[in-house]
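Only one structure is covered here, and it is reproduced in the block below.
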Amino acid sequence: MAPGDGEQLLSYPIPSDTALGPPAEWARLRQRCPVAKVALPSGDEASLLTRYDDVKRVLSDPRFTRLLNADDAARVSDSESGGVFNSSMARSLPQGGEGHQRWRRMVAKWFTAKRMNGLRPGIEAMAERLIDAMLVHGHPADLKAHLAFPLPVWVICDLLGVPDSDRDRFAHWSDTLLNLTRYRQDEVDAAQAEFADYMAAHVAAKRTGPGEDLLGELITATDPGGHRMSDAELVATGQALLVAGHETTANMIGKMLAMLLADRSHWERLLADRSLVRTAVEEALRFDANPGFGMPRYIGEDAEVADTVLPRGTTVVCSMAAANRDETAFEGAGELTLDRSPNPHLAFGAGAHSCLGQALARTELQATLEVLLRRLPTLELAVSVAELRRLEGLAVGGLRELPVRW
């Protein structure tokens with residue numbers, strides 16, 4: 001509830017008692033306070049949405065923008081810059097209107113379902129090699145370190161034409177962007193300057209020998225109006241895809257496997273019927289109660305949501321994960337149902353800013369699950385579900401590690 005209703009301002013993100021379960025507050029907020037006042041890690045105030053219809057409508061409404069560097073917008077992180085949502089990377093890309101759509105159309109050509117399916121054999125082959133190495137290591141093993149993290153890094157590095165041998169540097173740069181509380185402002189600034197310099201050098205090298213990767217093609221690509229991306233846009237595009245392309249998927253692979261192994265009857269059902277892999281991936285995406293921050297939006301005019309007037313200058317946080325547990329949108333929303341169909345979850349957002357790489361994420365999740373079912377049918381958690389630990393403080397949610405045996 002809002003402070004005026006006699007309750008303390010909720011701190012956001014809302015903590016949960018377990019690594020895989022939702023915060024108890026979600027259900028209460030959906031029922032009693034669909035527009036809740038919350039305090040962000042910065043201390044600034046925002047309005048939190050938790051109902052399916054409200055979240056979907058706001059994410060699809062062009063009045064709710066990504067202009068989070070407006071003077072009266074709430075800062076998300078506790079650093080001066082406000083974290084990933086206010087980073088120089090975000091500011092270098094068009095955040096709305098025709099400029100954003102033009103950028104999106106130019107990049108989206110690379111992320112069609114057909115093109116992603118073409119990548120699938122290579123993704124499966126890399127998953128096989130990573131599992132081979134994990135088998136040599138022996139169990140118990142951390143599935144996140146051995147498979148869930150290195151696989152998406154390899155995939156996105158291959159797409160961008162950057163060496164995956166630099167993955168430890170990418171991981172640090174991503175962490176400074178995505179962490180809401182860990183780093184001082186000078187540490188954030190230094191890491192992001194290094195990241196921008198690295199990507200600028202990569203773009204410059206691509207200009208002399210473009211190659212067949214995404215950035216190489218974007219350097220020479222034009223839209224129907226003859227527009228080409230500037231160097232700043234190319235650098236920011238590379239940064240955005242590198243961060244979004246590995247951190248979110250790496251964490252989702254780990255969470256998906258944890259969900260399926262937490263109640264091993266789910267794993268047994270998939271072993272018996274591999275045709276359920278596609279719907280199981282979609283259900284894991286819907287069921288994920290630890291996705292991180294959600295999507296912040298800024299409203300530059302008065303607007304009404306759930307019979308509540310949001311004054312101009314309000315920063316709104318859309319919790320897609322809370323919306324995906326809304327019983328009015330999903331029958332048995334609190335149950336993991338592997339054959340759920342249809343499944344119109346909001347894990348990838350909605351509207352003009354929905355996740356550009358969702359076809360790639362789906363391909364990686366499906367391929368990883370297929371290979372693990374085939375190679376390690378006896379896979380199980382090496383710790384109790386209660387011992388699984390969340391990553392804390394990141395804009396992207398995940399598990400610290402996923403100990404398994406087979």
Side-chain angles (χ1 to χ4, degrees), residues 16-22 123-154 246-291 321 325 332 334-340 343 347 361-392 396-406:
S16 180
D17 292 336
T18 63
L20 299 179
I123 294 172
E124 291 187 357
M126 176 51 77
E128 294 268 9
R129 291 194 289 274
L130 292 168
I131 290 169
D132 286 341
M134 185 170 75
L135 292 173
V136 171
H137 172 276
H139 60 103
D142 179 4
L143 190 70
K144 180 176 179 181
H146 283 279
L147 177 63
F149 183 74
L151 179 68
V153 172
W154 176 82
H246 86 264
E247 195 81 43
T248 50
T249 309
N251 282 308
M252 191 62 221
I253 290 171
K255 289 180 291 185
M256 173 181 72
L257 270 300
M259 288 179 225
L260 295 172
L261 295 173
D263 175 351
R264 212 163 174 285
S265 65
H266 297 309
W267 188 255
E268 298 289 345
R269 190 176 176 198
L270 286 168
L271 286 171
D273 186 358
R274 307 296 172 83
S275 71
L276 291 173
V277 164
R278 186 188 61 79
T279 54
V281 165
E282 295 306 310
E283 180 66 347
L285 288 162
R286 182 196 70 82
F287 200 65
D288 178 16
N290 176 19
R325 294 294 189 106
E335 300 296 322
L336 186 70
T337 305
L338 299 186
D339 57 356
R340 186 182 296 277
N343 191 347
R362 286 184 164 106
T363 301
E364 291 182 62
L365 289 163
Q366 291 170 17
T368 302
L369 186 50
E370 290 269 15
V371 173
L372 279 170
L373 288 164
R374 183 170 70 246
R375 293 292 306 276
L376 294 175
T378 58
L379 191 69
E380 62 182 8
L381 293 179
V383 297
S384 69
V385 176
E387 292 175 89
L388 294 174
R389 300 181 298 166
R390 285 182 178 231
L391 278 174
E392 299 296 344
V396 175
L399 301 172
R400 290 198 210 175
E401 62 280 304
L402 184 61
V404 295
R405 59 183 172 229
W406 50 87

Nearest heavy atoms of [X] and [Y], plus distance in Å:
X: A250; Y: F149; answer: CB-CA, 3.7 Å
X: R405; Y: H139; answer: CB-ND1, 3.2 Å
X: G254; Y: A148; answer: N-CB, 4.0 Å
X: R325; Y: P22; answer: NH1-CG, 3.6 Å
X: M256; Y: V281; answer: SD-CG2, 3.9 Å
X: G332; Y: R286; answer: O-NH2, 4.3 Å

Is there a side-chain contact between [X] and [Y], using heavy atoms and a 4.5 Å cut-off?
X: L135; Y: L376; value: yes
X: R269; Y: D339; value: yes
X: L270; Y: L260; value: yes
X: F287; Y: L20; value: no
X: R362; Y: E282; value: yes

Distance from [X] atom [atom1] to [Y] atom [atom2], nearest 0.5 Å?
X: R340; Y: E335; atom1: CZ; atom2: CD; answer: 9.0 Å
X: M134; Y: L147; atom1: CE; atom2: CG; answer: 6.5 Å
X: L285; Y: M252; atom1: CG; atom2: CE; answer: 4.5 Å
X: T337; Y: N343; atom1: OG1; atom2: CG; answer: 9.0 Å

Exercise for the section: Verify side chain to side chain contact (heavy atoms under 4.5 Å, CB included) between L257 and V404, making sure each step is shown before the conclusion. Expected result: CA-CA 10 Å; L257 270 300; V404 295; over 6 Å; no

Problem - Test side chain to side chain contact (heavy atoms under 4.5 Å, CB included) applied to L391 and N251, step by step - result: CA-CA 9 Å; L391 278 174; N251 282 308; 3.5 Å; yes

When you measure from the side chain of [X] to the backbone N and O of [Y], does any donor-acceptor pair fall under 3.5 Å?
X: W154; Y: I123; value: no
X: E124; Y: A367; value: no
X: D288; Y: A284; value: no
X: T279; Y: L338; value: yes
X: T18; Y: G21; value: yes

Problem - Verdict with reasoning, L381 to L402, per side chain to side chain contact (heavy atoms under 4.5 Å, CB included) - result: CA-CA 8 Å; L381 293 179; L402 184 61; 3.7 Å; yes

Practice task
Flag yes if more than 12 heavy atoms outside R390 fall under 6.0 Å of its CZ atom; otherwise flag no.
Solution key: yes

Problem - R264 vs E380, side chain to side chain contact (heavy atoms under 4.5 Å, CB included): CA-CA, chis, key distance, verdict - result: CA-CA 8 Å; R264 212 163 174 285; E380 62 182 8; 3.7 Å; yes

Handout entry: Pairs touching residues 125-145 that satisfy salt bridge (Lys or Arg N to Asp or Glu O under 4.0 Å), sequence neighbours left out
Key = E128-R374, E128-R375, D132-R375

Exercise for the section: Quickly, which of L143, L365, L369, T248 forms a side chain to side chain contact (heavy atoms under 4.5 Å, CB included) with I253? Name it, please. Expected result: L365

Practice task
Quickly, which of L271, L379, T368 forms a side chain to side chain contact (heavy atoms under 4.5 Å, CB included) with L373? Name it, please.
Solution key: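 Only match with L373 under side chain to side chain contact (heavy atoms under 4.5 Å, CB included): L271.
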
Practice task
For the pair E401 and R389, find out whether any cationic side-chain nitrogen is under 4.0 Å from an anionic carboxylate oxygen.
Solution key: yes

